[in-house]
Amino acid sequence: MSHNQSGPYGRQPEYGAAPGGFQPYQPAPRRKAGLIVSGVVVALAVIAGGAYFAFGGDADDDGGGIGDSASNSEISDGTKGYTLVAPASVEAYKKSGPGNTPGALSAEQRKEAESRGVSNARAASGIYNAESTDADDPAKVGGRRLTFDGLYGEIADPARALDDYFANVAKKGLKGDGKPRGLVMQRVGSPRAVKPAGFEGALMKCQDVKVTHDKGVDAPKSGAADFQFPVCAWADRSTLGGVNVIDLAQPMTGGSGPSQEEVAALTVKLYKAARQKA
């Protein structure tokens, strides 16, 4: 794959673009003085590239390991034959743009998807925002963003496909076009198998990702802070999808944001809403 492509979705999107190069409206957090913090915009654009997680780089491991073991015996054959769509909302999160219309991938993209464990793959993705309800945040600096990316087709070995997904989290999203961004994404620990309420017949794991500013690569100075966010992903016989959620103020204030348990519960909601019988 050439250095100016980002997985099966085509070339690296410009900042402010979402997976697949489509251009939904992405409101950036602002200082109360009304100035957009450039480093925050960059960070949010990077996190918005959810598609980078699924197919961001080479399949070698970055030290995070595959985490808890998972078995395909836990997966129901009833999960075969499903497609994915980006639903209009996920609880309080509303889709911020038209989203990615599922469609056929190029021959090269299909080949890479197959190497990741998804045959005859097609893609779906979406970016969602939930407004702040904090009375101390009248300027709506806060709120949260949920990013979803997924593939569907035939998955012979869902456990392996899920492990491969996490092996590639944070691999390429910051350097797909060869330009330094001053940000470094690293996996924290190893993926953890989870079984949230209402989730059956498939596999799910969660892991935190840390975003730090590389001071040696012209990192943004103003209003930028290191932060951490959780990623949860599932796999079954026909779908592979991932979800991450961040507090919009995190790139300014730092911190860990939502818990893995909270994101896992949202992932269940999205899983049920996004899957449709073919």
Side-chain angles (χ1 to χ4, degrees), residues 18-19 26-30 37 39-54 64 67-68 86-87 89-96 125-137 139-150 162 165-166 169-170 173 183-199 203-212 224-234 241-274:
Q26 294 186 40
R30 297 173 179 267
V37 182
V40 174
V41 175
V42 169
L44 290 179
V46 167
I47 305 309
Y52 304 157
F53 294 152
D68 296 342
S89 63
V90 183
E91 292 198 328
Y93 294 82
K94 310 298 182 185
K95 192 157 59 174
S96 63
S125 60
I127 297 175
Y128 301 78
N129 291 308
E131 287 191 358
S132 172
T133 58
D134 190 342
D136 295 327
D137 185 23
K140 304 297 183 186
V141 175
R144 287 182 172 180
R145 173 162 298 166
L146 180 155
T147 302
F148 154 63
D149 68 286
L162 186 60
Y165 184 100
F166 279 99
V169 164
L183 295 172
V184 176
M185 293 173 69
Q186 295 177 307
R187 297 195 294 156
V188 178
S190 297
R192 181 173 64 95
V194 295
K195 294 183 178 180
F199 185 75
L203 302 174
M204 186 185 298
K205 290 186 178 184
C206 295
Q207 183 174 25
D208 286 345
V209 173
K210 185 176 183 180
V211 179
T212 58
D226 297 341
F227 62 98
Q228 191 165 304
F229 64 94
V231 177
C232 291
W234 79 78
V243 172
N244 67 71
V245 178
I246 67 166
D247 287 323
L248 290 175
Q250 274 186 266
M252 290 186 290
T253 63
S256 297
S259 67
Q260 288 187 10
E261 290 72 19
E262 183 176 356
V263 175
L266 285 167
T267 302
V268 174
K269 299 286 187 182
L270 193 144
Y271 175 77
K272 292 182 176 181

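As the structure is a computational prediction, the values presented were derived from the model and not from experiment.
Between Phe229 and Val211 the shortest side-chain heavy-atom distance falls below 4.5 Å. Side-chain contact check for Tyr93 versus Val245: some heavy-atom pair is nearer than 4.5 Å. Using a 4.5 Å heavy-atom threshold, the side chains of Glu262 and Cys232 count as separate. In this structure, the side chains of Asn244 and Val263 stay at 4.5 Å or more apart for every pair of heavy atoms. Proximity of Tyr128 to Val243: side-chain heavy atoms (C-beta onward) are nowhere separated by under 4.5 Å. In this structure, Leu270 and Trp234 have side chains that are in contact, with non-hydrogen atoms separated by less than 4.5 Å.
In plain terms, the two heavy atoms of Asp247 and Gly257 that are nearest each other are OD2-CA, 3.4 Å. A pairwise comparison of heavy atoms in Ala86 and Ser125 identifies CB-O, 3.4 Å as the closest pair. Between Ser259 and Pro230, the shortest heavy-atom contact is O-CG, 4.0 Å. The two atoms that bring Thr212 and Asp226 nearest to each other are CA-OD1, 3.2 Å, heavy atoms only. Residues Gln260 and Cys206 approach most closely at OE1-CB, 3.5 Å, considering heavy atoms. For Pro87 against Ala274, the heavy-atom pair with the smallest separation is CD-CB, 4.1 Å.
Residues that satisfy the side-chain hydrogen bond (donor to acceptor under 3.5 Å, both in side chains) test with Tyr271, not counting sequence neighbours, are Asp236, Arg275. Scanning for side-chain hydrogen bond (donor to acceptor under 3.5 Å, both in side chains) contacts around Glu261 gives Arg192, with sequence neighbours left out.
The main-chain N or O of Phe166 is never found under 3.5 Å from a side-chain atom of Lys205 such that the two would form a donor-acceptor pair. A donor-acceptor distance shorter than 3.5 angstrom exists from the side chain of Ser96 to the backbone of Ile127, with no hydrogens or angles considered. Using a distance-only test at 3.5 Å, with no hydrogens or angles considered, no donor-acceptor pair links the side chain of Arg187 to the main chain of Gln207.
To the nearest 0.5 Å, atom NZ of residue Lys272 and atom CZ of residue Phe199 are 9.5 Å apart. Rounding to the nearest 0.5 Å gives a distance of 13.0 Å between CG of Asp208 and CD of Gln186.
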